[in-house]
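Since the structure comes first, as structure tokens, the remarks are kept for the end.
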Amino acid sequence: MSERVNIKKKSSSPEPGTKVSDVKADAALPALGPKEMFRWAWTQLTSMRTALFLLLLLAVAAVPGSLFPQRPANPAIVTQYIKDNPSYGELLDTLQLYDVYSSAWFSAIYLLLFISLIGCVVPRAIAHYKAMRSQPPRTPKRLSRLPEYGTLVVPARAGLPASDAIHSAAGLLKKRGYRVEVRDDDGARPSLGAERGFLKEVGNLVFHTSLIGVLVSVAVGGLFGYSGQRILVEGDTFVNTLVGYDQFTPGTNFEASRLQPYSIQLDKFDITFDRESEGKFGQPIDFTAAVTTKENPDAPARQETLKVNDPVTLGGTSIYLTGNGYAPVVTIRDGAGNVAMQGPVVAKLQGDNYYSSVVIKVPDAKPDQLGFAGFFLPTAFVTDEGVSFSGDPELFNPQLTLNSFYGDLGLDDGAPQNVFELDVKDLTPLNARNLDAGGITLGPGSSYTLPDGKGTISFDGVKRYIGVDIHHNPGQLYALIFALLAVAGLILSLYVNRRRVWVRTGTHEDGRTMVEYGLLARGEDHRLAAEAAALRKLLAEEWQLDPDSAPPQPESSQQTPSHPGENSSGSGETARPVTTPAGPTGPEKDQ
């Protein structure tokens, strides 16, 4: 500031006729030091405009997370994506587009938004606290300049002095929730200032504070939460350990020691199919999974029901029912007659009426590893062309149709494989429709002997399975609470109005008590006129006046009154209200 003043002192006044643009071009502005630059940057960062921009930028920055595969969810898919797109796959990896939510640029936006909101809320909270503890603004000299203005006249016979009238008005305003201060109650022209609507700014502060709470809750969930998937066949039990998951996505700061060792067993799964409507005949309409749960190994078992949108909660995690299907039970013996594989095989849904694909890998078969690929039909039908299809989702005519292969399944080298896919490029076919041996078609209880003495396969029965999603988010409840608080704060800020009221009284020469009042809203308030009418009605009822009547005006009264009551000299009970719209600086200038 001193540098700027010195510059102004040194600069000479422009000569007459000099252009303003030339003067501005020649003006020398002081250089900003590090302290001033930091203050400017902090002001820009903590502005509401910057906070809104960062919030929008955060939403845009999250878009690549849905466009590209994310490494925390499935590293194998990311590796394959880079192999399939060598031209730009490595570049995307360099830009951290496979780790969007943990990338440096996403974290920077998140932290800047967090700091911006705090920088907005804290100063506003301090200023609002001071405003709540301060007295209402002083009474303007000319109340007639306020947006809502009116006058009342109390007749002399009422015996109401100006001081009593101002205290009476103060009591009415307090009952309406105003904070009131009476001024000069022992003087000739006492007045009062009243103010209410502080909850509007409280709502704003609650809203912005809740946004910070939501951000913190989301961050806590991302740091310490986890999610996973598991397929459970009837009779299977899932124990909450890392090896128990089919797929697991940990949070950034996840620790395996935090997993509570609860267990859940699928006892029975029932599906209800639509058997009445024509258009949706055979569609599933209800899913019910009967499960047995234990909070820990020593806890008593509990029977619970798992349904869609009705999760089971265990150990701080929510277990959701997300899928289901059939699991044919097979027994495979190798060439030596030993049981190489026995149990249910999960069939992946592929089409209508629970048409499902089946892949069976038998790495323990001797002398050669065996593989099977085909499909499972709950109710098998065959067309005239010999094509099989499923005619109903129920198990009316189960059928298992497979092709068989032998060779190296590629499981010994440790490379991850999809359990629902069979890579046959290094395998030799045994059974197929285009081979002399033909394909394998099995019904429940039937078996088939593989060619070349490779073994046998039998179809023992069918079980149902379910797919469950397991989510643990320690910040989820807090995010919900803060979201509800944000909505409540927004409602307060929208429906509560900040208003100020001033009342001034005075005594006329003929003994009448003259009252004038004015109202001012902070911001736009379309209900201010209704508030002024309600206040006028209350004052009139308190003093037993008619709020709608007006006193007779003398013809000689043409000058502006200098104090309340000088706008009438006749004997009436009320005066006509005067409403004058305030200019852009009207009432504030008088204060």
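- Side-chain contact between T272 and F287 is absent, with no heavy-atom pair separated by less than 4.5 Å.
- The residue from Y226, F224, F248 that alone fulfils the ring pair (Phe, Tyr, Trp, His ring centres under 6.0 Å) condition with H472 is Y226.
- Put simply, the side chain of E295 does not reach to within 4.5 Å of the side chain of T293, judged on heavy atoms.
- A donor-acceptor pair under 3.5 Å is absent between the side-chain atoms of S217 and the main chain of Q476, judged by distance alone.
- Looking at P451 and N431, their side chains come closer than 4.5 Å, going by heavy atoms from C-beta outward.
- Within 6.0 Å of CZ in F281 there are more than 12 heavy atoms belonging to other residues, nucleotides or ligands.
- A donor-acceptor pair under 3.5 Å is absent between the side-chain atoms of E90 and the main chain of N85, judged by distance alone.
- Of the possible donor and acceptor atoms, one in the side chain of K361 sits under 3.5 Å from a partner among the backbone N and O of E421.
- A donor-acceptor pair under 3.5 Å is absent between the side-chain atoms of Q399 and the main chain of L442, judged by distance alone.
- Checking side-chain atoms of T379 against main-chain N and O of E394 turns up a donor-acceptor pair under 3.5 Å.
- The environment of F38 atom CZ is sparse: at most 12 non-hydrogen atoms of other residues, nucleotides or ligands sit within 6.0 angstrom.
- Although no hydrogens or angles enter the test, the distance criterion places a donor-acceptor pair under 3.5 Å between the side chain of S103 and the main chain of V100.
- For CH2 of W40, the number of neighbouring non-hydrogen atoms (other residues, nucleotides, ligands) closer than 6.0 Å is 12 at most.
- No more than 12 heavy atoms of other residues, nucleotides or ligands shown are found within 6.0 angstrom of CG on D352.
- A 6.0 Å sphere centred on NZ of K280 holds no more than 12 heavy atoms belonging to other residues, nucleotides or ligands.
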Original post:
Given the rule in the ring-ring contact (aromatic ring centres under 6.0 Å, His included) test, do Y326 and Y354 qualify, once you have shown the distances and angles that lead to the verdict?
Top reply: CA-CA 8 Å; Y326 291 107; Y354 279 69; 5.6 Å; yes
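- A donor-acceptor pair under 3.5 Å is absent between the side-chain atoms of N353 and the main chain of Y355, judged by distance alone.
- With a 4.5 Å cut-off on side-chain heavy atoms, I264 and E304 do not count as touching.
- The aromatic rings of F198 and H128 are tilted relative to each other, their planes meeting at an angle between 30° and 60°.
- The closest donor-acceptor contact from the side chain of N240 to the backbone of Y262 lies at 3.5 Å or more, if one exists at all.
- Remark: side-chain polar atoms of K294 are paired, donor with acceptor, to backbone N or O of P297 under 3.5 angstrom.
- The two atoms that bring I457 and I360 nearest to each other are CD1-CD1, 4.5 Å, heavy atoms only.
- Within 6.0 Å of atom CZ in R49, 12 or fewer heavy atoms from other residues, nucleotides or ligands are found, so the atom counts as exposed in its surroundings.
- Sparse packing is recorded around CZ of F53, with 12 or fewer heavy atoms of other residues, nucleotides or ligands lying under 6.0 Å away.
- Formation of a donor-acceptor pair under 3.5 Å by the S210 side chain with backbone atoms of A483 is not found in this model.
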